[in-house]
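Letters go in sequence order (proteins before strands), and every chain restarts at 1. Just so you know, these numbers come straight off a predicted model, no measurement behind them. Both backbone and side-chain heavy atoms feed into the values below; hydrogens, waters and symmetry mates do not.
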2 protein chains.
Amino acid sequence: MPVKKIVDVMKEKQNRPYHHGDLRNAILDTAMEMMLEEDGWNFTLREVARRAGVSHSAPYKHFPDKMSLLGELALIGFDRAYERIRAAMEEPATFRAKFLRVAKVYLQFAHDHPALYRLMLGSGVVTEQTQGDPRAAATFELAVEMIEQGQREGAVRPHPVRGQAAACWAQLHGLTMLDLEGFLIPEKVGEKPVEAALNTLLEGLEE
Amino acid sequence: MPVKKIVDVMKEKQNRPYHHGDLRNAILDTAMEMMLEEDGWNFTLREVARRAGVSHSAPYKHFPDKMSLLGELALIGFDRAYERIRAAMEEPATFRAKFLRVAKVYLQFAHDHPALYRLMLGSGVVTEQTQGDPRAAATFELAVEMIEQGQREGAVRPHPVRGQAAACWAQLHGLTMLDLEGFLIPEKVGEKPVEAALNTLLEGLEE
DNA sequence: ACCGGCATGTTGACAATGTCTACATACAGG
DNA sequence: CCTGTATGTAGACATTGTCAACATGCCGGT
């Protein structure tokens, strides 16, 4: 017997409960979906409400305004990214192999949620909210861990760890953004720009 | 005898000419100004028109829609960035010194026009317009030049030039974005993250 | 020197949006 | 069981992007 999802029930004109029951999550999911569809966060709250099957001002019972919705979406993005990268770091490997695997996963994440990624790190909109939020900071600590282990193994030069981690993050973030925006055109940046750039950085990291 | 600027004349209620005469540029300037003020491109066309002293739909005679205005603004941004970096590359220096000077100028540019910089490279809005536009591509060629010269001097490893240039750009862009968004907090990324990151990359570039 | 076309501006209208206030419903705890 | 509070709804407001119809005046051909 098929179970009707609340989100579908709420779309019915008749016979639908006054209360949604899980609106907050429905809003987050719908918004996430629309960010994918429209490749940006220019979706309207009213359309989100429409899709969730509630009135146009219902979302305001869960988020004071659109910005705060975007802030929460960004934090969810950080959670997801963290989870993916943590998984990629789990099985042991040489520093180089681990670095490249993480890089791949990182780029893949951004490729899967381009708008979300831009919202998280390049919107200039959620700065205050994400500033120092542990959920946003956690991922960077994974990079620090990776470098530290690399140094312990003698694979990475003995420079300040957090500086090296910052270098990795910047490199990865820069590559990702340029990739997302379509600036990595072979005629301009060569055949395999990502590999080339990562390699260049690795040569600066490795002993 | 003081000369009245057209933009001011147009703001007068009375005695103002029917035609602005330089509206297109006035719009671009005003929009640029508002991007600075509001740190984003969420300004309204109507406010731009108001400030320029014209009716709310006058801008549509010069730009089909807001997106196309943003596209032009981004291209102007590329022009300005190119000019600054070209100037920074003029006087001769060692590869390392030149690289660091360019990096400084690059970061300064982004710091001076944060919203514009984000619009240029991280908006996901102007991709098609800027895609392959020579005005947008020109700056990258400067990086290629710099690397080529570095290789000729024997300061840079003999790897494919455009890949190395891509690495530089990615690193610089990543650092810039993280800086703009306020993610470079000392407790997280160490004391001088920019210097550290640039150094790490340099060690991967240099022979 | 005239005149007509075309680029440039203006006015008014439309559908949509974010957000507010007043009101409705029903769940949960005493 | 009953009431307060969390959650939804309905309607209103100012504002926006954009369009169409109309106004103005500069510029080139006669």
Exercise for the section: Take nucleotides 12-20 of chain D nucleotide by nucleotide from the 5' end and write B, S or -, depending on whether a protein heavy atom sits under 4.0 Å from the base, only from the sugar-phosphate, or from neither. Expected result: B---BBBBB

Figure out the [atom1]/[atom2] separation between [X] and [N], and round it to whole Å.
{"X": "A:His62", "N": "C:dT19", "atom1": "NE2", "atom2": "P", "value": "16 Å"}
{"X": "B:Arg24", "N": "C:dG9", "atom1": "CZ", "atom2": "P", "value": "12 Å"}
{"X": "A:Asn25", "N": "D:dT7", "atom1": "CG", "atom2": "P", "value": "12 Å"}
{"X": "A:Phe63", "N": "D:dG8", "atom1": "CZ", "atom2": "P", "value": "11 Å"}
{"X": "A:Leu69", "N": "C:dT17", "atom1": "CG", "atom2": "P", "value": "15 Å"}

Handout entry: Pairing residues for A:Tyr117 by the ring pair (Phe, Tyr, Trp, His ring centres under 6.0 Å) criterion, not counting sequence neighbours
Key = A:Tyr106, A:His173

Handout entry: salt bridge (charged side-chain N to carboxylate O under 4.0 Å, His left out) partners of residues 114-123 of chain A, not counting sequence neighbours, each pair once
Key = A:Asp39-A:Arg118, A:Arg118-A:Glu181

Let me have the donor-acceptor pairs involving side chains of residues 135-147 of chain B, under 3.5 Å, with sequence neighbours excluded, atom names and distances please.
| residue | atom | partner | partner atom | Å |
| --- | --- | --- | --- | --- |
| B:Arg135 | NE | B:Asp79 | OD1 | 3.3 |
| B:Arg135 | NE | B:Asp79 | OD2 | 3.1 |
| B:Arg135 | NH2 | B:Asp79 | OD2 | 2.7 |
| B:Glu141 | OE1 | B:Arg162 | NH2 | 3.1 |
| B:Glu141 | OE2 | B:Arg162 | NH2 | 2.7 |

Handout entry: salt bridge (charged side-chain N to carboxylate O under 4.0 Å, His left out) partners for B:Glu37, two or more places apart
Key =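 With neighbours one apart ignored, the set is B:Arg51.
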
Problem - For B:Asp112, salt bridge (charged side-chain N to carboxylate O under 4.0 Å, His left out) partners two or more places apart - result: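 Scan of B:Asp112 (salt bridge (charged side-chain N to carboxylate O under 4.0 Å, His left out), adjacent residues dropped) gives B:Arg84.
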
Handout entry: Where A:Leu121 and B:Phe183 come nearest, the two heavy atoms and their spacing
Key = CD2-CE1, 3.5 Å

Residues 195-203 of chain B side chain polar contacts: donor-acceptor under 3.5 Å, at least two apart:
| residue | atom | partner | partner atom | Å |
| --- | --- | --- | --- | --- |
| B:Asn199 | OD1 | B:Arg96 | NH2 | 2.3 |
| B:Thr200 | OG1 | B:Ala196 | O | 2.9 |
| B:Glu203 | OE1 | A:Arg157 | NH1 | 2.7 |

Protein-nucleic acid N or O pairs under 3.5 Å, nucleotides 23-28 of chain C:
| residue | atom | partner | partner atom | Å |
| --- | --- | --- | --- | --- |
| C:dA24 | N3 | A:Tyr18 | OH | 2.9 |

Practice task
State which residues pass side-chain contact (heavy atoms from CB on, under 4.5 Å) with A:Ser123; sequence neighbours excluded, sorted by chain then number.
Solution key: A:Trp41, A:Leu119, A:Val125, A:Val126

